[in-house]
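Inspection log for the structure reproduced underneath, given as structure tokens.
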Amino acid sequence: MDFLLIALIPLLPLVAAGLTALLKREQKALSATLVIGAQTVACVLSLWALLLAMCADNGEPGLIHEFVNFPWLTFGHETLKLGLLVDPLSGVMGAMVAFVALLIFIYSHGYMKEDRNYTRFYTFLGLFSGAMLGVVYSNSLLLTFVCWELVGLASYLLIGFWFFKPSAAAAAKKAFLTTRVGDMGLMIGMFWLYKAAGTLLFYDNGAGCLEQAALATMAKTLVGGLALSNIIALLIFCGAAGKSGQFPLHVWLPDAMEGPTPVSALIHAATMVAAGVYLVARVFPIFAATGTHSISLIVVASVGAFTALFAALIAVAQNDIKRILAYSTVSQLGFMMLAAGVGHPGVAMLHLIAHAFFKALLFMGAGSVIHGVHDEQDIREMGGLRRFMPVTFVTYSIGMLALAGFPVLFSGFWSKDAILHAAHLWPVSQLPFYMATAAAFLTAFYMTRQMAYVFFGQYRGHAHPHESPAVMTLPLVILAAAAILMSLPATPAWPAFEEFLKGEAAHFSLEGLTEPGFLQIALTSTAIVFLGIGLGWLIYGRKPLGAVDPIQTAAAPAFRALANRLYIDEIYDATVIRALHGFGSLAAWIDRQILAGIVSAVAALSFFVSAVSNGIDRFVINFGFDNSCNALREYGGAAASCEGGRVQGYLRLIALGTVILLAVIGWLLV
């Protein structure tokens with residue numbers, strides 16, 4: 001395998017971003033050409049890498065891992081290595097990221113064409129894509145972490161792109177700081193993993209941290225009654241929970257809607273938020289080192305199930321079209337984490353890929369709606385848009401049905417059912433299954449509510465709506481087709497996706513439809529979807545809608561709590577933020593009243609010592625030294641006066657000295 005070409009997949013968008021950063025603001029066409037062109041080549045190369053992963057065969061059963069490792073840093077006898085990896089997991093993830101990002105880049109050309117900072121926007125897009133693709137193709141947790149942090153930086157820049165809006169600047173800081181909390185756990189876990197395994201390479205011919213020798217060592221090593229593998233896995237999950245918006249680190253993700261809509265699609269669909277799920281799937285052998293019912297996987301499943309239901313509840317009462325989709329993303333990420341936690345990372349990845357297509361479609365469709373109604377985002381100010389925006393309506397409907405899990409035709413049905421089936425078979429507890437089932441019902445309900453408010457009834461807005469240009473609607477059509485076609489490899493009759501991730505050849509068999517519990521789950525899921533859609537239409541579709549939500553009229557306190565996001569931000573403000581402010585105030589008081597006093601006392605003592613030293617120097621040392629010097633100077637002057645340079649004087653002194661010498665000798669002799 002030519003890993004130079006694999007290295008170009010993340011490098012091309014990064015280089016394009018660097019070149020675009022040097023362009024003038026007016027060079028919009030050139031900046032778009034550079035970044036979209038680089039992303040197109042990266043997409044082609046990622047599809048080639050996927051093809052290689054599909055065709056790889058080393059004559060042995062099991063997964064195929066093609067990798068190359070190279071030294072990066074040497075200190076003493078230790079050498080840190082980085083590496084690139086192509087296997088089924090990275091192949092399918094890389095192809096999806098590159099493809100969806102390319103469509104978003106093209107869509108952005110229409111959405112952002114009037115923005116005066118258009119060139120800077122494409123710079124940030126290229127940086128984001130390159131960093132995310134670096135996460136995907138890395139064969140080293142160290143390289144993954146570097147690219148992971150670059151993704152965080154790029155997301156900060158993109159969320160706060162309209163920095164002149166205080167809400168956007170605050171949302172960018174909130175996203176950056178919240179994800180750093182999780183990343184601290186990831187970094188500690190990475191250090192601990194290096195100490196335990198002696199390497200951060202995933203695969204290294206048997207010596208990698210995901211290979212049997214290292215896993216066996218970590219599983220056998222106990223720390224405080226827990227296997228070391230579980231502790232490391234939980235620390236890594238902290239980073240994954242931050243990036244993928246899992247409770248309690250979910251609070252940044254809905255606020256990220258302050259960025260331009262293409263950013264929302266890029267972050268919330270296929271890239272940044274998917275990175276946490278991908279990381280869990282990548283290092284899943286560490287989570288499962290002590291078995292598929294390990295404490296770390298139980299935590300992942302529990303957090304995922306709770307997040308899925310928690311976020312779905314909040315989405316019911318939101319009125320911002322993008323914020324509804326944001327909480328939907330949090331909920332769907334919870335589904336993915338649940339799948340991984342019950343021991344099915346392949347199912348989690350199936351839903352991740354399916355979700356990437358229909359959620360990118362929904363966010364870009366929401367952007368088309370916002371563009372068509374002249375920047376309005378409140379669904380209560382919309383209505384009847386299916387008549388004005390037919391292409392957006394049809395494609396958005398496909399995305400909505402896929403997200404709701406409408407039976408058979410849509411990928412979301414199969415991937416969601418696979419998660420419910422896996423959760424139902426989990427022997428540890430049935431509670432996550434019931435929570436996920438309730439979340440599935442709520443998903444169908446709140447998406448029907450959104451559709452009724454936006455596309456049905458009478459138009460309630462003020463500006464005349466219009467359809468978006470082709471540069472924006474064409475990506476919607478492509479993603480709508482993908483949301484349907486993705487159902488083909490997802491069915492249990494032809495589980496091509498899961499078999500591919502396992503390194504096995506997929507084959508068509510109706511036996512998959514007769515697995516224990518499958519028909520029961522499928523029928524239950526179908527009933528839930530129809531119940532959610534039916535109830536949503538019953539409440540929101542039959543009568544004209546006004547400014548007050550029907551549920552708000554019937555259950556005002558509950559609706560108000562959900563509309564205020566169950567006051568989680570307020571709770572954080574009253575506890576964590578206030579505690580941090582208190583700690584900061586205490587630190588400031590200690591600094592001003594204690595440390596500053598100590599510093600002032602030390603400074604005063606220093607001034608006193610220096611004054612004393614100066615007095616001793618001037619009036620003792622200098623005085624004595626100066627007087628000695630003056631005396632020597634006088635004596636020297638006197639002695640010098642004897643040296644007049646006249647020979648007669650010297651002869652007289654010699655004669656005088658001779659007389660004195662003779663007198664002394666004579667006196668001594670007498």
Side-chain angles (χ1 to χ4, degrees), residues 1-18 38-58 62-74 79-99 101 126-151 154 186 190 193-194 197-211 214 236 270-272 274-275 278-286 349 500-501 503:
M1 181 176 293
D2 191 347
F3 276 96
L4 179 59
L5 294 178
I6 301 299
L8 288 177
I9 298 175
L11 285 177
L12 282 171
L14 290 174
V15 171
Q39 188 66 27
T40 301
V41 178
C43 183
V44 172
L45 291 175
S46 67
L47 293 173
W48 168 75
L50 174 60
L51 182 63
L52 290 178
M54 293 174 65
C55 299
D57 183 10
N58 62 358
L63 292 175
I64 306 299
H65 302 288
E66 295 284 346
F67 58 86
V68 60
N69 299 322
F70 48 89
W72 175 63
L73 180 65
T74 299
T79 299
L80 283 177
K81 291 184 178 181
L82 305 180
L84 298 174
L85 169 67
V86 175
D87 64 354
L89 182 59
S90 64
V92 71
M93 182 73 175
M96 181 275 293
V97 169
F99 177 69
L127 174 63
F128 190 101
S129 175
M132 185 63 202
L133 289 168
V135 170
V136 172
Y137 289 105
S138 168
N139 187 40
S140 164
L141 188 57
L142 176 60
L143 180 58
T144 297
F145 185 76
V146 171
C147 295
W148 183 278
E149 293 304 309
L150 282 176
V151 168
L186 173 58
M190 181 176 66
L193 177 62
Y194 182 77
T199 182
L200 292 175
L201 294 173
F202 296 140
Y203 299 99
D204 190 21
N205 297 317
C209 64
L210 300 185
E211 296 181 285
I236 292 175
T271 52
M272 178 176 175
Y278 176 78
L279 180 62
V280 172
R282 170 58 68 198
V283 301
F284 185 79
I286 298 177
M349 289 301 300
F500 168 60
L501 290 183

How close do [X] and [Y] get, heavy atom to heavy atom, and via which atoms?
X      : Y      : result
Leu210 : Pro285 : O-CB, 4.2 Å
Ala95  : Leu47  : CB-CD2, 3.9 Å
Ala49  : Tyr137 : CB-OH, 4.1 Å
Gln39  : Pro13  : OE1-CG, 3.6 Å
Phe202 : Val283 : CE2-CG1, 4.0 Å
Ile9   : Leu133 : O-CD1, 3.5 Å

All side-chain hydrogen bond (donor to acceptor under 3.5 Å, both in side chains) counterparts of [X], not counting sequence neighbours:
X      : result
Tyr278 : Arg282
Thr40  : none
Ser46  : none

Inset, instruction - Measure the CZ-CG distance between Phe70 and Leu201 for me, rounded to the nearest 0.5 Å. - result: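 The distance works out to 9.5 Å.
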Legend entry - Interatomic distance, Leu279 atom CG to Leu141 atom CG [nearest 0.5 angstrom]: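 Rounded to the nearest 0.5 Å, the CG-CG separation comes to 7.0 Å.
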Legend entry - Residue pairs, two or more places apart or on separate chains, that pass salt bridge (Lys or Arg N to Asp or Glu O under 4.0 Å) and touch residues 141-151: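 Every pair satisfying salt bridge (Lys or Arg N to Asp or Glu O under 4.0 Å) with a residue in residues 141-151: Glu149-Arg180.
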Tell me, do [X] and [Y] make a side-chain contact under 4.5 Å, heavy atoms counted?
X      : Y      : value
Met190 : Leu200 : yes
Leu193 : Ile286 : yes
Leu127 : Leu14  : yes
Trp48  : Leu52  : yes
Leu142 : Tyr194 : no

Just jot down the side chain to side chain contact (heavy atoms under 4.5 Å, CB included) partners of [X], sequence neighbours excluded, or say none.
X      : result
Leu8   : Leu5, Leu12, Leu45
Val146 : none
Ser138 : Ser140, Leu143, Thr144
Ala207 : Asp204

Inset, instruction - Taking Asn139 for its side chain and Tyr203 for its backbone only, find out whether a donor-acceptor pair lies under 3.5 Å. - result: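 Looks like yes, one N/O pair under 3.5 Å.
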Legend entry - The single option from Asp87, Asn205, Val86, Leu84 passing side chain to side chain contact (heavy atoms under 4.5 Å, CB included) against Phe67: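 Per the side chain to side chain contact (heavy atoms under 4.5 Å, CB included) rule, the option paired with Phe67 is Asn205, out of Asp87, Asn205, Val86, Leu84.
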